[in-house]
Amino acid sequence: MQKIATRDAYGKALLELGRRYENIVVLDADLSKSTKTELFAKEFPERFFQMGIAEQDMMATAAGLAFCGKVAFASTFAIFATGRAFEQIRNSICYPKVNVKVCATHAGITVGEDGGSHQSVEDIALMRSIPNMTVVVPADAVSTEKAVEAIYKHQGPVYLRLGRPGVPVIYDDKYQFEIGKATKLKDGSDAAVIATGIMVSLALDAAEMLREEGVSIQVWDMSTIKPLDVEAVKEAAKTGAIITAEEHSIIGGLGGAVAEAAAANSPCLMGFVGIEDTFGESGTPNELMEKYKLTPESIRDKVKEILAKKSSS
Amino acid sequence: MDDKKLEELKEIAKESRVWIIKSLAEAKSGHPGGSLSCIDILTYLYFHAMNVDPTNPDDPDRDRFVLSKGHCAPALYTVLALKGFFPKEELLKLRKLGSILQGHPDAVKVPGVDASTGSLGQGLSIANGMALAGKLDRKDYTVYTIIGDGETEEGQIWEAAMTAAHYQLGNLIAFLDYNHLQIDGRIEDVMGNGNFTNRFKAFGWHVIDIDGHDLQAIDEAVKAAKQEKDAPTMIIAHTVKGKGVKFMEHVADWHGKAPSYEQALEAIQLLGGTWEGK
Ligand SMILES: Cc1ncc(C[n+]2csc(CCOP(=O)(O)OP(=O)(O)O)c2C)c(N)n1
Ligand SMILES: [Mg+2]
């Protein structure tokens, strides 16, 4: 299967969008080579603002540009965007609901060798807690490209979560991305796996393993964490068991969001695959995904664990 | 600026001070000291310098203003109301449930407020963004901002200072309200050595020192700033916190405490105004 990093898809899509829309401006904090905004910067130097290593200034400057009618895409690593500049995103961007798209790359542990200081495991939780913020986590390159256009057209702040390494392309060009809409990739009756980001393709692999064991599961791509597709959660809950899967802390991210929606609308047994309230460390992305149990096997095992609870209750 | 204009602005500044006191007394909380120290600058900006139209507050060609020291919202609200962006009566609902006049400036709710501020240190960056947009769109509007002297303790101010100079934002004119006080006391005792002139010069700014209550001096400084096309200008406005109300002047305690009705009446009397019905 072809692998492309979502950050690469972002860089390409941003350039393409820049050619079509004059009002797009892009800001970066000395990471444009890594976030791939350099593609846009090279073709549109006038509309690209190098902000230096100053993420707080970058976010509030983006707000100022947006106050004057620009659609500002601000990029850096997820940890610095959502951690260092959290309050600028909250007060200068989300509070006045201006058109700033915080497009952060190098999210999660697949940052790899740079280690725990650079691996954001809490960015989804931080961003989804802010009023007016929309949170999008694409699963592959195709959905990233479509999401970039959709968030440009959306009025208001958006957090787009992107990754460093290549990930399998699961969609073809017919895929339609819509903010707030989950995609059901596989139907099934015993349980539902709701995944986001790079865990979606692993969930599909888990479904295949489980099918061989005679277990039928639904697989959902929850590409928008906020606003959450509550109808999708309700439908998933009809199986009686929901397992979420994310490359993020099990606290406050996709799992938390789905649990909130399920508890309020259609309570069912749930299991959570994610990073277990711990920091990451150095290693290759693959080694880390194994060590932190973000694999098809761990999804499969979690499904079986929850199904066992389901049958004993 | 001719004498007639000067007298007119002085009169508006006086009236503004009275409204600041009234609104704070009604609100029973808020920030008089820093509002009174920057009101002469605000009066000058909104009644002489800035191209703004209360009937068209979103005009893309208008001059912009960012109150980086957002806690001094009563000063901004007052000039906006006197200018006609909303009725003056609204000033008496400051900080009250349901009012458009939030404790700190809210660009969504208040016509004429160009940016939401209140968390110190962010407004200069926002102003930079507006100035960058102006240059990009080849518009000739000017972006004005006021930052606090205590506010410069925020690192982001210096990030933004670098950005403004790097991008040669000649369309940005900033004021530093140098009233020597912040919440916990004198600037010099809390943090740093003052010396803002040298610091901003070292960051590549065009710097002008003035008496921030002298409207004629403010006018000359802004005119000089407009001559500078390739660098942002920082006007270090030497001010008195609480200016105009003797018992509030130079007193750190009047930073964030509203006057009682009795104190408000005394203050208004000192300002040479009246408060009908009180
Ligand atoms: C980020 C942030 N930290 C703390 C505060 C609380 N605060 C409000 S006003 C103030 C002092 C401001 O002093 P200065 O900038 O000198 O303002 P002025 O004297 O003009 O009132 C502080 C610490 C705040 N609003 N924002
Ligand atoms: Mg001060």
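Sequence lines set the chain letters: A, B, ... in the order given, protein chains first and strands last, and positions in each chain run from 1.
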d(A:C68 SG, B:M130 CE) to nearest 0.5 Å is 5.0 Å
Value for CG (B:N128) from CG (A:L65), rounded to nearest 0.5 Å, stands at 9.5 Å
Item to complete: Ignoring hydrogens and angles, tell me if any N or O in the side chain of A:Q56 forms a donor-acceptor pair with the backbone of B:Q156 under 3.5 Å.
Response: no
Is it true that atom CZ of B:R95 has more than 12 heavy atoms of other residues, nucleotides or ligands lying nearer than 6.0 Å? yes
Rounded to the nearest 0.5 Å, the CG atom of A:D57 sits from the CE atom of B:M162 at a distance of 8.0 Å
What one should report as the nearest heavy-atom pair of B:Y167 and A:F48 is OH-O, 4.5 Å
The interface call for B:A160 against chain A, heavy-atom contacts under 4.5 Å, is both
Honestly, the part of B:D58 sitting under 4.5 Å from a heavy atom of chain A is neither
| query | With a 4.0 Å cut-off, would you call A:R84 and B:E159 a salt bridge? | reply | no
(Q) When you compare the side chain of B:T163 with that of A:F49, does any pair of heavy atoms fall below 4.5 Å? (A) no
Is it true that atom CG of A:N132 has more than 12 heavy atoms of other residues, nucleotides or ligands lying nearer than 6.0 Å?
-> yes
Exercise for review: Using the side-chain contact (heavy atoms from CB on, under 4.5 Å) rule, take B:D106 and A:Y95 through it: C-alpha gap first, then chi angles, then the decisive distance, then the call.
Suggested key: CA-CA 8 Å; B:D106 181 333; A:Y95 184 55; 3.3 Å; yes
Within residues 13-39 of chain A, the residues sitting under 4.5 Å from chain B by heavy atom, in sequence order, are A:V25
Can A:K70 and B:D137 be said to form a side-chain contact (heavy atoms from CB on, under 4.5 Å), step by step? CA-CA 10 Å; A:K70 303 296 171 196; B:D137 292 338; 2.5 Å; yes
Open item on the list: So B:D114 and A:F67, do their side chains get closer than 4.5 Å, heavy atoms only?
Closed with: no
Most heavy-atom pairs under 4.5 Å with chain A, out of B:L132, B:V108, B:T117, B:V143, belong to B:L132
Ranked by heavy-atom pairs below 4.5 Å to chain B, first place among A:Q50, A:R47, A:M58, A:E87 goes to A:E87
Just wondering, are more than 12 heavy atoms of other shown residues or ligands nearer than 6.0 Å to NZ in B:K257? yes
*asked:* Can you confirm whether A:M59 sits close enough to B:S125 that some side-chain heavy atom of one is under 4.5 Å from a side-chain heavy atom of the other?
replied: no
